[in-house]
Amino acid sequence: MQSNRNVRLLLACLTAIAVMFSVSVNRVLAQSMSNSFTGATPPPPPPAGPPCFGAGFSIDGDIFGPGTPYSVPMGPPGCGLGWPATGGPYNVNAFSSGLSPLVGVAFPYPAGTTSLLFGVGDLVTGDPLGACAPGTPGPFTVTDVGAESADLFGGGSSEAASDVFITAPNGTAWLVPGAITPGASPNYQGFDGNGLPSIPFGLPTAPAIPLIEPGPFIDAVDAFDAAPIGAWDPTGDTLPDVPVYFSVDPPTAAALGALPSDIFVAFGGGFGLYAPGPALGLGAPADDVDALIVLDVAGDGAYAPPADMILYSVSPFSFAIGAFDCAGLPIQEGDLLTEGGPFGAPGIPCIVVAQDDIGLWSGRFCGPNPITGASDDMAAADLTGAIAPPPTTTSTTTTTTTTTTTTTLPVLCGPAPIVGCRTAVSGKSQMQIKLKASDPSKNQLKFKYNKGDATTLLEFADPVGGTADYRLCVWDTSATPQPLLEAGVLPGGTCGTKPCWKAAGTKGFKHKDKTGTPDGIQQVKFKEGTAGKSQIQVKMKGLNFAAPGLPLTPTVTAQFIIDDGGTLCFEVPMSSPSKNDPAQFKAKGD
């Protein structure tokens, strides 16, 4: 039961990511091409496709998301998003809002802090165990590329192309050119094209996006971005209010007098060149950017490496396939690349996420896939902070007096503190960490958020009978991978012979678990209150407490997070500790 609950919680959290997907690009861009490239005249908007449920639109010129005017109805084969291309040269092949939460974060990102969301091509099999074993189900309680592609083996069609997959947080080899560790970050399904159990495994499904699968008219996600549409179109007029970035397919590039490896930027009703293909180490007429992540630090639509970065994959027919990257590795269509940037000479592609590491079939070491004859293709991508995979197993050990459940909790603490948390009166909150090198079981942490912003009892999300996740997170400003601490406590449950949680009068809740399962939290107290009256207390101790190394580098920030489909956080920043040495940290809140 706990395993199923965690899967449901994970999938509920993922629905908070406003998915944007397309067979090509945004309808906005097709409508707003008013500038020109090197004397070329942009084509007119593409003709409307045949009607589906009374809605006429062009597939090649749209990107779809949750809600009008970006969403479309599902339809039978040959309708909805399953309608084939109209024949016009209007296919935009990759899209990035440039609004990744990782913009401005120092690169390369530390191990364990980043996950990749990606789409795949029509003919993929996956390699979930990093062993060139197509079709093997991955180690998760939801499906992966291998499972979603499995119908290929029976001569059917793959469901994988209409899904978006997520990798486990990056392993040590991620984002380090030349370092490949097969299977380091397996993938799992984050968004399902039709929301139905996969064929043939019938495992739990991820949140649905309205696509058609499986069958000869399967819809393929060809561009993807995790930022909410409202982030780049807050006015809702279908025109980008911040720069957005895209590439086009070869026929469209030819019509524009451009290259399919060029990266364009659209903003304010027009569009122009952001970065030419040769700046990425591409440039042959057949080199085609297939997935795109733009990290434009200034957000000004002007490419300024190495501060700005372009991460990309190339399509299977690109001349770059098989060419050597900056570390001497042959490039594959499932690799995520960047130009030289911080790694070497500009204009030389570097593999920063190898397809071997993320559960895709790689011809680099295993040769052509025996089913498809090629490597797996990455067709769309975006980077986010770390997202924990669903648990693989849930084990329960019962004696006459104690029930203990071991659970892997979803990650809530990102590489940087959440912005906009509730705060407390200066000097009234505090955190203390004590370490005992001779006996780690006596390591302890005490956190107190005191005299905080107005908080109601309801906002604590009923830890006695509810389903929320509760998390204490700690960051400092050192180069150490962040966060330094993420410790969670589950709602409900039995600790010993008594409920772990109980009401504390009519204004709060109390949690007590001497075992500190799963992360060392033994006590939690919540108290509602008007402004300057609310409280949260956490005590941690024992071998389950993975204590951060001391001393810490101020400013140190502690946040208590409550996630119940939405996120509520309470923050204590500490810039002037009274004690900060290898044995103890003690500070009051700013």
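Worth knowing before you read on, the calculation uses all heavy atoms, side chains too, and leaves out hydrogens, waters and symmetry mates. Here the structure is a predicted model, which is why all the values come from computation and not from measurement.
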ask   = Are side-chain heavy atoms of Tyr303 and Val294 found at a separation under 4.5 Å?
value = no
task = Apply side-chain hydrogen bond (donor to acceptor under 3.5 Å, both in side chains) to Thr477 and list each qualifying residue two or more places apart in sequence or on a separate chain.
result = none
request  = For Asp376, enumerate each residue passing the salt bridge (charged side-chain N to carboxylate O under 4.0 Å, His left out) test, keeping only those at least two apart in sequence or located in another chain.
outcome  = none
message = Test: disulfide bond (SG atoms under 2.5 Å apart). Region: residues 288-325. Which pairs qualify, not counting sequence neighbours?
response = none
query = According to the side-chain hydrogen bond (donor to acceptor under 3.5 Å, both in side chains) rule, which pairs have a member within residues 102-120, sequence neighbours left out?
reply = none
ask   = Would a distance-only check, ignoring hydrogens and angles, find a side-chain to backbone donor-acceptor pair under 3.5 Å from Asp335 to Leu337?
value = no
query = Say you draw a straight line from OG of Ser247 to CG of Asp287; how long is it, rounded to the nearest 0.5 Å?
reply = 12.0 Å
key: Approximate separation, where rounding is to 0.5 Å, of Ser96 OG and Ile310 CD1   = 9.5 Å
Validation row: Leu116, Ile293 side chains within 4.5 angstrom (heavy atoms) = yes
ask   = With sequence neighbours left out, which residue pairs that include part of residues 305-314 fulfil the side-chain hydrogen bond (donor to acceptor under 3.5 Å, both in side chains) condition?
value = none
Between CG on residue Leu123 and OG1 on residue Thr372, distance to nearest 0.5 Å = 6.5 Å
Scan the side chains in residues 320-327 for donor-acceptor partners under 3.5 Å anywhere in the protein, sequence neighbours excluded, and list what turns up.
{"unit_1": "Asp325", "atom_1": "OD1", "unit_2": "Ala327", "atom_2": "N", "d": "3.0"}
{"unit_1": "Asp325", "atom_1": "OD1", "unit_2": "Gly328", "atom_2": "N", "d": "3.1"}
{"unit_1": "Asp325", "atom_1": "OD1", "unit_2": "Leu329", "atom_2": "N", "d": "2.8"}
{"unit_1": "Asp325", "atom_1": "OD2", "unit_2": "Ile351", "atom_2": "N", "d": "2.9"}

message = Which residue is it: Tyr245, Phe246, Phe95? I am looking for the one with a ring-ring contact (aromatic ring centres under 6.0 Å, His included) to Phe264.
response = Phe246
